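Just below is one structure, and these are the notes that go with it.
Residue numbers begin at 1 in each chain, while the letters A, B, ... track the order of the sequences. If you're wondering where the values come from, they're calculated on a predicted model, not measured in any experiment.
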Protein chains: 4
Amino acid sequence: MSTADTPSASAGRKRADVRRNEQKLLDAAAAVFVRMGIDAPVREIAAESGLGMGTIYRHFPTRADLVVAVFRHQVDALAAAVDAAPTAGTPYEVLRQWVHQFVDFLVTKHGLAEALHSDQAGFESLHNEFVERLMPVLDQLLKASTAAGYTRSDVRAYDFMLAIGNLCIGVENFPDYQARRMIDLLLAGLARTAPASTGEEPEQP
Amino acid sequence: MSTADTPSASAGRKRADVRRNEQKLLDAAAAVFVRMGIDAPVREIAAESGLGMGTIYRHFPTRADLVVAVFRHQVDALAAAVDAAPTAGTPYEVLRQWVHQFVDFLVTKHGLAEALHSDQAGFESLHNEFVERLMPVLDQLLKASTAAGYTRSDVRAYDFMLAIGNLCIGVENFPDYQARRMIDLLLAGLARTAPASTGEEPEQP
Amino acid sequence: MSTADTPSASAGRKRADVRRNEQKLLDAAAAVFVRMGIDAPVREIAAESGLGMGTIYRHFPTRADLVVAVFRHQVDALAAAVDAAPTAGTPYEVLRQWVHQFVDFLVTKHGLAEALHSDQAGFESLHNEFVERLMPVLDQLLKASTAAGYTRSDVRAYDFMLAIGNLCIGVENFPDYQARRMIDLLLAGLARTAPASTGEEPEQP
Amino acid sequence: MSTADTPSASAGRKRADVRRNEQKLLDAAAAVFVRMGIDAPVREIAAESGLGMGTIYRHFPTRADLVVAVFRHQVDALAAAVDAAPTAGTPYEVLRQWVHQFVDFLVTKHGLAEALHSDQAGFESLHNEFVERLMPVLDQLLKASTAAGYTRSDVRAYDFMLAIGNLCIGVENFPDYQARRMIDLLLAGLARTAPASTGEEPEQP
DNA sequence: CATGAATGAGGTTTCATTCAT
DNA sequence: CATGAATGAAACCTCATTCAT
């Protein structure tokens with residue numbers, strides 16, 4: 001109160017505070033989304049963050065803004081992961097590993113997979129966010145694997161990405177559902193039947 | 001259909017109305033669920049059906065009751081379909097066909113796939129309904145195909161069924177998502193890689 | 001079904017049925033009023049009586065009609081009780097005894113005392129019923145006791161009757177409340193202090 | 001009032017509004033309870049107070065909370081009244097006066113006496129509130145009067161308090177009912193019959 | 001800028017009452 | 001006459017959102 005009141009300093013200080021608040025909000029929202037789903041009461045997030053509700057609305061005018069922000073944060077990490085990963089094994093193996101990282105991510109942050117498909121107004125942006133950030137990564141992995149003859153060439157990264165996300169839905173609600181196995185089934189379906197010999201008869205029109 | 005309609009049931013006149021109303025409700029609810037999801041306001045369903053709200057509560061005290069009823073209706077049809085189908089082709093082909101019927105069903109009645117995974121209180125019954133009615137059918141198809149050497153033996157009908165349901169999620173909201181292809185990918189993953197030559201030891205019991 | 005169908009007999013039979021139904025309704029209503037108060041759902045009474053709701057409305061178009069009927073039944077019994085009682089002891093003693101019978105009645109049929117004071121539309125008739133039937137009885141007892149010099153002359157039967165009723169309220173809800181003692185206190189206050197000697201100046205204007 | 005209103009509490013401005021609103025609510029609720037009983041629609045109270053329904057729920061989550069609050073307010077005043085009163089006359093006279101104040105209170109805030117006996121869930125607290133605050137006061141008055149030889153020793157403050165409350169019921173609905181006289185009758189019954197001569201052994205400790 | 005009290009639309013549910021059977 | 005299914009008004013309560021402090 002005594003030292004920080006210089007007008008010149010206050011601007012700088014404020015900005016730092018604002019940024020810290022935004023981070024608090026993101027963390028809190030992530031936690032609450034996990035607990036209560038993306039429709040959690042705003043007040044809950046406010047309480048979790050220790051901030052006021054008005055502050056949430058200042059930073060994220062619509063709920064979609066907040067959700068997108070929460071997930072962008074984590075999607076960024078995932079997109080970056082592909083580079084950080086040691087290039088271990090064949091391109092197909094690299095693809096497998098990334099897919100499982102993706103699954104880890106979806107499964108850990110529970111409720112996220114479901115959220116990707118919400119038809120609630122304004123959540124296209126969430127979907128878009130995901131697509132824009134992760135599809136290129138997945139596309140590149142797919143292409144590399146296909147080019148090396150490991151995988152079919154008729155699978156679009158977009159479909160594949162959504163499929164992975166979808167297969168993760170319900171993991172918490174139905175503990176007996178073993179999503180990993182289905183992911184592996186999908187990956188198996190993706191692999192070339194005979195390693196670069198048969199010629200890959202496309203069964204699909 | 002043939003035996004139950006005997007006109008002799010004169011005292012059943014009222015009964016007939018009641019039954020018709022119940023049917024109206026089921027139809028209306030199905031329609032509204034498609035439009036607005038399973039969380040649609042009860043009032044909406046009342047309006048759609050042309051009946052009063054109280055009537056809904058009389059027939060289906062909880063929302064889950066209504067949802068289950070709506071879907072049971074349709075699940076029954078699907079369960080029956082396996083018998084009606086002409087036994088065309090190999091067991092694997094029969095499996096494929098039934099799976100695609102299942103997908104037709106899920107995709108047509110939109111919102112249904114999502115509903116299967118609702119964690120809302122009381123929807124376990126919906127999930128159970130599905131599992132109890134359809135899993136046996138799918139299990140039988142799977143076993144037949146595996147026995148004939150067409151498919152892997154390490155895939156549980158339960159996982160497979162949920163996976164199929166999951167892959168159908170988002171079909172309407174994201175028209176560019178081609179669920180069918182992913183279903184086919186899953187089916188491809190299910191098929192034995194080399195027709196009874198490579199061995200492909202099932203690594204899971 | 002076979003014998004009773006003669007048209008001549010049906011009219012006579014009906015009337016008997018109607019009367020029996022009315023009695024069923026009164027009994028059922030009394031029971032339900034005890035259980036759930038006079039605001040109990042109509043359906044509850046229908047269920048208790050084994051009759052349909054429509055039948056209730058036919059016999060007692062408004063709720064007040066039913067309530068009045070239920071209590072008239074029991075009030076009649078109480079009014080008659082004064083004659084049936086053996087004239088034991090002094091007029092004051094007779095008065096005491098009748099008051100305690102009244103209390104028995106109110107306390108037994110629980111909810112009744114409260115009902116007497118309901119301001120719900122149409123319940124004046126209930127109150128009136130009570131006043132018209134019982135006040136004359138009480139008045140007569142009071143006058144007899146006063147004439148014999150046992151009790152004060154400045155107490156109106158109307159007030160006294162309502163007071164007794166009031167003192168019985170809450171007996172079930174608050175089991176520690178000993179209504180009888182307060183009734184006795186009231187009766188003590190009613191008695192002439194010194195047996196026809198002191199004069200007991202009335203403090204009231 | 002003198003110390004808490006210091007203008008220095010600039011941050012407390014909001015606090016003042018909140019407190020004022022709470023007061024508005026209490027006043028409005030008191031008024032509505034009088035008009036429509038303690039089961040009055042929440043919306044009615046909201047309208048009366050000029051505030052929103054949500055505000056009521058914020059301040060008083062359950063209906064019982066509101067009712068208790070409304071009456072606590074007034075009970076406090078009554079409990080305090082015993083000290084404020086000039087010690088006029090004999091202990092019995094003081095008792096009489098307080099009882100009549102109590103009656104004034106009950107009669108004025110109409111509906112209150114009835115409310116004390118509601119068996120609705122959660123209204124024990126209302127009853128308790130009354131008992132805890134007022135019974136000690138009444139007990140002290142009774143004991144003083146008894147010690148001075150004016151009144152019987154076998155009357156429990158609890159019963160007496162409920163009796164007074166009960167006798168006030170119906171004052172508005174039945175304007176011909178003169179509760180005051182019955183209160184006086186009860187007080188007369190409480191007084192020792194002959195001033196310390198007859199003996200009248202107290203049969204209860 | 002941050003706060004959180006206030007708002008009130010909108011969902012759910014209950015029941016008195018009507019009326020077709 | 002009896003029945004009880006249908007109706008829908010009315011009450012409850014919960015949040016998303018605004019805005020005075």
Take atom [atom1] of [X] and atom [atom2] of [N], then tell me their distance rounded to the nearest Å.
X	N	atom1	atom2	result
C:R58	E:dT18	CZ	P	13 Å
A:L51	E:dG4	CG	P	9 Å
D:M36	F:dA11	CE	P	7 Å
D:H59	E:dG4	NE2	C1'	11 Å
C:R63	E:dT17	CZ	P	7 Å
B:Y57	F:dG4	OH	C1'	21 Å
C:K24	F:dA2	NZ	P	10 Å
B:M53	E:dG10	CE	C1'	12 Å

Decide, yes or no, whether a salt bridge links A:R20 with A:D17 under the criterion of side-chain N to carboxylate O below 4.0 Å.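 Between A:D17 and A:R20 there is a salt bridge, with a charged N closer than 4.0 Å to a carboxylate O.
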Which atom names give the shortest non-hydrogen contact between [X] and [Y], and what distance separates them?
X	Y	result
A:L25	A:L51	CG-CD1, 3.8 Å
B:G52	B:A46	C-CB, 4.0 Å
A:I38	A:F33	CA-CD2, 3.8 Å

side-chain contact (heavy atoms from CB on, under 4.5 Å) partners for D:Y57, two or more places apart: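 For D:Y57, the residues satisfying side-chain contact (heavy atoms from CB on, under 4.5 Å) (neighbours in sequence not counted) are D:V42.
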Check every strand shown and say whether B:R20 touches a base, only sugar-phosphate, or nothing at a heavy-atom separation below 4.0 Å.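 No contact.
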Please figure out whether D:P41 or C:N21 has its closest DNA chain F nucleotide nearer the 5' end.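 Closest to the 5' end, via its nearest nucleotide, is C:N21.
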Nearest-nucleotide 5' precedence on DNA chain F, A:P61 against B:G50: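 Result: B:G50.
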Tell me whether A:D65 contacts the main-chain N or O of A:T62 through its side chain, where contact means a donor paired with an acceptor under 3.5 Å.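 The answer is yes, because a donor-acceptor pair under 3.5 Å joins these two groups.
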Return yes if the base of E:dT12 and the side-chain atoms of B:R43 contain a donor-acceptor N/O pair under 3.5 Å, otherwise no.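 Indeed there is one.
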Assign the ring pair B:F71 / B:F130 to parallel, tilted or perpendicular, where the plane angle (0 to 90°) is split at 30° and 60°.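 Perpendicular.
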With Watson-Crick and G-U wobble geometry limited to distances under 3.5 Å, how should the secondary structure of DNA chain F be encoded in dot-bracket form, using | for bases paired to another strand and [ ] for crossing pairs? .||||||||||||||||||||
First encountered from the 5' end of DNA chain E, between C:V42 and D:I56: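 Checking each residue's closest nucleotide, the 5'-ward one belongs to D:I56.
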Does E:dA5 have its OP1 or OP2 closer than 4.0 Å to a side-chain nitrogen or oxygen of D:T55?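 For D:T55, the contact criterion (side-chain N or O under 4.0 Å from OP1 or OP2 of E:dA5) is not met.
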